[in-house]
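Have a look at the structure below, then the notes.
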Protein chains: 2
Amino acid sequence: MISRPPRPRERGIPEATVARLPVYLRALQALQDKDILTVSSEALATAAGVNSAKLRKDLSHLGSYGTRGVGYEVEYLVYQISRELGLTQDWTVAIVGLGNLGRALANYGGFGSRGFRIAALLDTDPSVVGGSVAALEVRHIDNLEEVVRSEGVSIGVIATPAASAQGVAGRFVEAGVTSILNFAPVVLSVPEGVDVRKVDLSIELQILAFHAQRRADGDGRGTEQAGLGLK
Amino acid sequence: MISRPPRPRERGIPEATVARLPVYLRALQALQDKDILTVSSEALATAAGVNSAKLRKDLSHLGSYGTRGVGYEVEYLVYQISRELGLTQDWTVAIVGLGNLGRALANYGGFGSRGFRIAALLDTDPSVVGGSVAALEVRHIDNLEEVVRSEGVSIGVIATPAASAQGVAGRFVEAGVTSILNFAPVVLSVPEGVDVRKVDLSIELQILAFHAQRRADGDGRGTEQAGLGLK
DNA sequence: ACGTGTGAACACATTCACAGCT
DNA sequence: AGCTGTGAATGTGTTCACACGT
């Protein structure tokens, strides 16, 4: 008899919702900058590029933070979302690989804007190590374990060539880092309990190409898509 | 010679499948480089980081390209996926904004590797315009419309500051570009029929932070091996 | 014997539409 | 009267498990 380990219904926020919370947060902060104190689901949804039913459902997972007949208090919602996302505490980041992309990341202002602090830059290339990027010294990757410990790094960013990425991931994991953001075009293999997110530029382009092609062969010229688009 | 596939193709591949095809394609190309001719769904799934049932279902949307009892012929599958994604034709790309990120994109080799050609780099900054990045001259953004027309640009990449992104998007759309890859942290508003994909570094970090926080304070529920009781 | 291809079951996500509070 | 919060309905995606072709 095979009983499947039941996924315990841990009362959690749906993944799709989590992915949108940062978007809502950004929209709310833009409203704050304009000194707007209150916002309806309809208005906030428009600013965030979603529909209002989805927004309300998403927010309902955090709690009842709106007022019926009125809307949401901007400042309060900013705080609640920030807290839910874990942005009320600081997260320390290390970036490995300081090619063009790594440099871009290190210099990216919005990065450190709230909650994220870049604590270390690491590379292997002797022509890069010892130099300085974004007012930080680039250290040799041999210091990874020590830096993770001394700086309390909790998020590792991998911006190396594909061939080095798995090795770096392994060292991060070994050093106790359980959150990894991977820009290298490889599938990383990590133990259970380690969270890897991937950002892949060429995959995004390929998805765009797919849709563009579909649009192109569906309509020869402004015709709507009819069935039987035989080749 | 290439015989025409006898299988009629359905229109409408699920979006989730489309997003994974590039991953399969990359895994298959890695197998090709190792001179592997045939692969099972199990092996390919492992290389792509998914389970085999999902892989088979995904591939079944393209047609019946496997052989029962054997597996998939690597080269044939590479061709079929490439064709489905529209990579058998060339796509011309223009990048706007040559700050750190734009430069990284322009220099990113994998970009142009297959099917994508960077035809133009555009910026407003006088200290950048006229200079050269990745062996291409950076032109002033006033040339956008002309470049789109003369080079046949079909994909626009926006790597500008947030404040400029909507304006650039509008000009792309006006010039006839219907596929946009946006790296600026704003929600772009575009007409129906224009496809926008967003890559947002700080959103990815925030999602990681959410899960990291959950792991840290959820404790009891999870039975995964904790790496270092670092709290 | 083996691994693909797929209907059926299940899980997750979105949208609808309206009850309920202010 | 107006807008949130939410069950119910619908749509999309994933996993199971096995029939079927090689």
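Each chain gets a letter, A, B and so on, in the order its sequence line appears, and its residues count up from 1. Worth knowing before you read on, the calculation uses all heavy atoms, side chains too, and leaves out hydrogens, waters and symmetry mates.
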Fill in: Any N51(A) side-chain nitrogen or oxygen under 4.0 Å from OP1 or OP2 of dT15(C)
yes
Worksheet item: K54(B) side chain N/O closer than 4.0 Å to the phosphate oxygens (OP1, OP2) of dT15(D)?
Response: yes
Fill in: Qualifying salt bridge (charged side-chain N to carboxylate O under 4.0 Å, His left out) pairs, either residue in residues 41-66 of chain A, two or more places apart
R20(A)-D58(A)
Worksheet item: Can you list every pair that meets ring-ring contact (aromatic ring centres under 6.0 Å, His included) and has a residue in residues 36-66 of chain A, with sequence neighbours left out?
Response: Y65(A)-Y76(A)
Discussion item. List the residues meeting side-chain hydrogen bond (donor to acceptor under 3.5 Å, both in side chains) with R68(B), not counting sequence neighbours, and say none if there are none.
Written reply: none
Discussion item. Just to verify, what does Y79(A) make a ring pair (Phe, Tyr, Trp, His ring centres under 6.0 Å) with, not counting sequence neighbours?
Written reply: none
Practice prompt. Can you check each nucleotide of nucleotides 3-12 of chain D against protein heavy atoms at under 4.0 Å and return B for base, S for sugar-phosphate only, - for none, in 5' to 3' order?
Written response: BBBBBB----
Anything under 3.5 Å between a donor and an acceptor, one on a side chain of residues 159-176 of chain B, the other on a protein residue two or more places apart or in another chain? List them.
residue : atom : partner : partner atom : Å
Q166(B) : OE1  : S189(B) : N            : 2.8
Q166(B) : NE2  : S189(B) : O            : 3.0
R171(B) : NE   : E145(B) : OE2          : 3.0
R171(B) : NH2  : I141(B) : O            : 3.2
R171(B) : NH2  : E145(B) : OE1          : 3.1

Worksheet item: Can you tell me how far P of dT15(C) sits from CG of L55(A), to the nearest Å?
Response: 12 Å
